[in-house]
Amino acid sequence: MTTLTENDAFYNCHLCPPKLGKKWREYQGCNDWEGLLDPLHHAMRCEILRYGQFVDAAYRAFDFDPTSSSYATCRFSKNVLLTRTGFGSTGYRVTKHLHATCGVQTPGWIDRLPSWMSIKSSWIGYVAVCQDKDEISRLGRRDVVIALRGTATCLEWLENLHTTLTDLPPHVGPSGSCRPRVERGFCSLYTSRTATCPSLQDMIRDEVARIVELYGDEPLSLTITGHSLGAALAILSAYDITTTFADAPSVTVFSFGGPRVGNKSLRCQLDKSGTKILRIVNSDDLVTKVPGFVIEEDNDVARMYSFHVASWIRKRMKSTEWGYANVGKELKLCSKESPYLNNINFATCHDLKTYLHLVKGFVSSTCPFKATKEVLSTRLIN
């Protein structure tokens with residue numbers, strides 16, 4: 001069990017949210033968050049926490065009860081989703097519910113199992129648009145949020161096990177010979193559809209097109225945020241939007257505890273498109289270290305093998321279905337640095353609440369947690 005104390009209230013960004021104004025592009029990553037992450041700037045902390053709360057609202061709105069007739073759907077209507085999930089006054093209005101469909105082929109005998117185990121399409125998040133004039137003024141632009149939850153259903157877990165790389169289908173991103181490769185299961189969840197449920201890709205594209213048509217003549221940002229599976233789908237969504245919409249607004253991804261998504265070609269295409277990605281990573285979270293291998297960025301591998309052996313391994317990995325590459329900028333946290341987390345295990349290290357707790361307490365790479373800084377100061381005084 002994760003135990004959170006009064007430390008979580010130290011950076012209460014709700015009481016006095018910082019005014020971003022004309023500097024909003026810096027907090028959206030236009031300069032790759034230079035000077036904002038280490039040490040962690042107060043306004044940057046507030047923005048990360050704010051987008052994390054949008055994801056938390058997606059979890060709270062999801063019906064996790066398999067005995068419920070509404071299992072795997074959203075428990076609230078668009079008008080009350082943010083307030084009913086305890087988010088409070090945000091200035092945003094939910095405009096679209098989002099669903100993801102599993103494309104995994106299931107055997108015939110699965111129909112004999114409880115119905116909740118074979119649900120293919122489930123509610124995975126929402127789109128929200130900032131409508132409050134004061135909040136738009138504070139943010140410096142009209143912000144659009146796409147918030148995506150992590151894995152919840154049985155078939156989503158099965159899709160997560162499809163960890164080999166596959167070519168993106170022709171209808172995702174631009175055409176060309178050097179197409180990125182992405183994790184097979186994530187691609188399936190993003191592009192699969194049924195006769196009654198459009199794909200997540202179709203829903204996001206349609207809503208983004210509608211929003212750009214409505215607000216494209218004013219400062220506009222698109223912020224895609226997700227945790228775990230939702231973080232992976234956020235990166236796929238960002239790639240799809242920035243490479244297919246000629247008039248796409250500024251696109252930023254805030255990824256919490258996200259796994260690897262694709263190969264080096266995906267990273268290059270994301271960089272080329274101007275997509276900004278901030279990966280918030282707990283170094284104790286195993287999910288952020290899978291799937292596949294990242295040989296070219298793994299210093300441990302370089303130390304284990306000679307330069308020539310490591311180069312040979314890199315070349316072989318690029319031609320396989322396991323050669324992944326990390327994307328974007330990383331904010332590295334560590335659950336062991338917090339004196340407030342008890343019984344640290346796989347689940348607690350990956351929990352979104354743990355991530356938000358660590359963001360609240362993080363100071364810098366040389367002083368990873370606020371409590372540590374206080375202890376050091378006390379010792380110096382004494």
For residues [X] and [Y], report the shortest heavy-atom separation together with the two atoms involved.
{"X": "A248", "Y": "I241", "result": "CB-O, 4.0 Å"}
{"X": "E159", "Y": "S188", "result": "OE2-OG, 2.5 Å"}
{"X": "L81", "Y": "A61", "result": "CG-CB, 4.1 Å"}
{"X": "F362", "Y": "R45", "result": "O-NH1, 2.8 Å"}
{"X": "C334", "Y": "L358", "result": "O-CD2, 3.7 Å"}
{"X": "I48", "Y": "L278", "result": "CD1-CD2, 3.9 Å"}

Using only atom types and a distance under 3.5 Å, with no angle test, would you say the side chain of [X] pairs donor to acceptor with the backbone of [Y]?
{"X": "H357", "Y": "L352", "answer": "no"}
{"X": "D143", "Y": "C130", "answer": "no"}
{"X": "D32", "Y": "E34", "answer": "no"}
{"X": "R279", "Y": "V327", "answer": "yes"}
{"X": "D63", "Y": "S68", "answer": "no"}
{"X": "S192", "Y": "L189", "answer": "no"}
{"X": "K276", "Y": "W33", "answer": "no"}
{"X": "Y126", "Y": "K78", "answer": "no"}
{"X": "Y51", "Y": "V145", "answer": "no"}
{"X": "T288", "Y": "D285", "answer": "yes"}

* Asked: How are the rings of F62 and W123 set relative to one another: parallel (under 30°), tilted (30 to 60°) or perpendicular (over 60°)?
  -> parallel
Residues passing the salt bridge (charged side-chain N to carboxylate O under 4.0 Å, His left out) test with D132, sequence neighbours excluded, are none
Between the side chains of [X] and [Y], is a donor N or O closer than 3.5 angstrom to an acceptor N or O?
{"X": "S137", "Y": "D134", "answer": "no"}
{"X": "D351", "Y": "T348", "answer": "no"}
{"X": "Q201", "Y": "R193", "answer": "no"}
{"X": "S265", "Y": "N263", "answer": "no"}
{"X": "T275", "Y": "T242", "answer": "yes"}
{"X": "T243", "Y": "Q269", "answer": "no"}

Discussion item. With a 6.0 Å cut-off on the ring centroids, do F186 and H162 count as close?
Written reply: no
field: F256-F254 aromatic ring centre distance below 6.0 Å
entry: no
More than 12 heavy atoms of other groups within 6.0 Å of [X] [atom1]:
{"X": "K23", "atom1": "NZ", "answer": "no"}
{"X": "K332", "atom1": "NZ", "answer": "no"}
{"X": "R84", "atom1": "CZ", "answer": "no"}

Are V182 and Y239 side-chain neighbours, meaning at least one heavy-atom pair lies under 4.5 Å?
no
- Quick one: does L148's side chain get under 4.5 Å of T225's, heavy atoms only? no
Point to revise | ring pair (Phe, Tyr, Trp, His ring centres under 6.0 Å) assessment of F54 paired with F87 | key: CA-CA 8 Å; F54 278 106; F87 203 162; 4.8 Å; yes
Sequence neighbours excluded, the answer for side-chain hydrogen bond (donor to acceptor under 3.5 Å, both in side chains) partners of T101 is S121
Checklist entry - If you measure from the Lys or Arg side-chain nitrogens to the Asp or Glu carboxylate oxygens, is any gap between E135 and R138 under 4.0 Å? => result yes
*Between E47 and R50, is there a salt bridge with N-O shorter than 4.0 Å?*
yes
Result for side-chain contact (heavy atoms from CB on, under 4.5 Å) between E183 and one of L236, V261, T163 points to T163
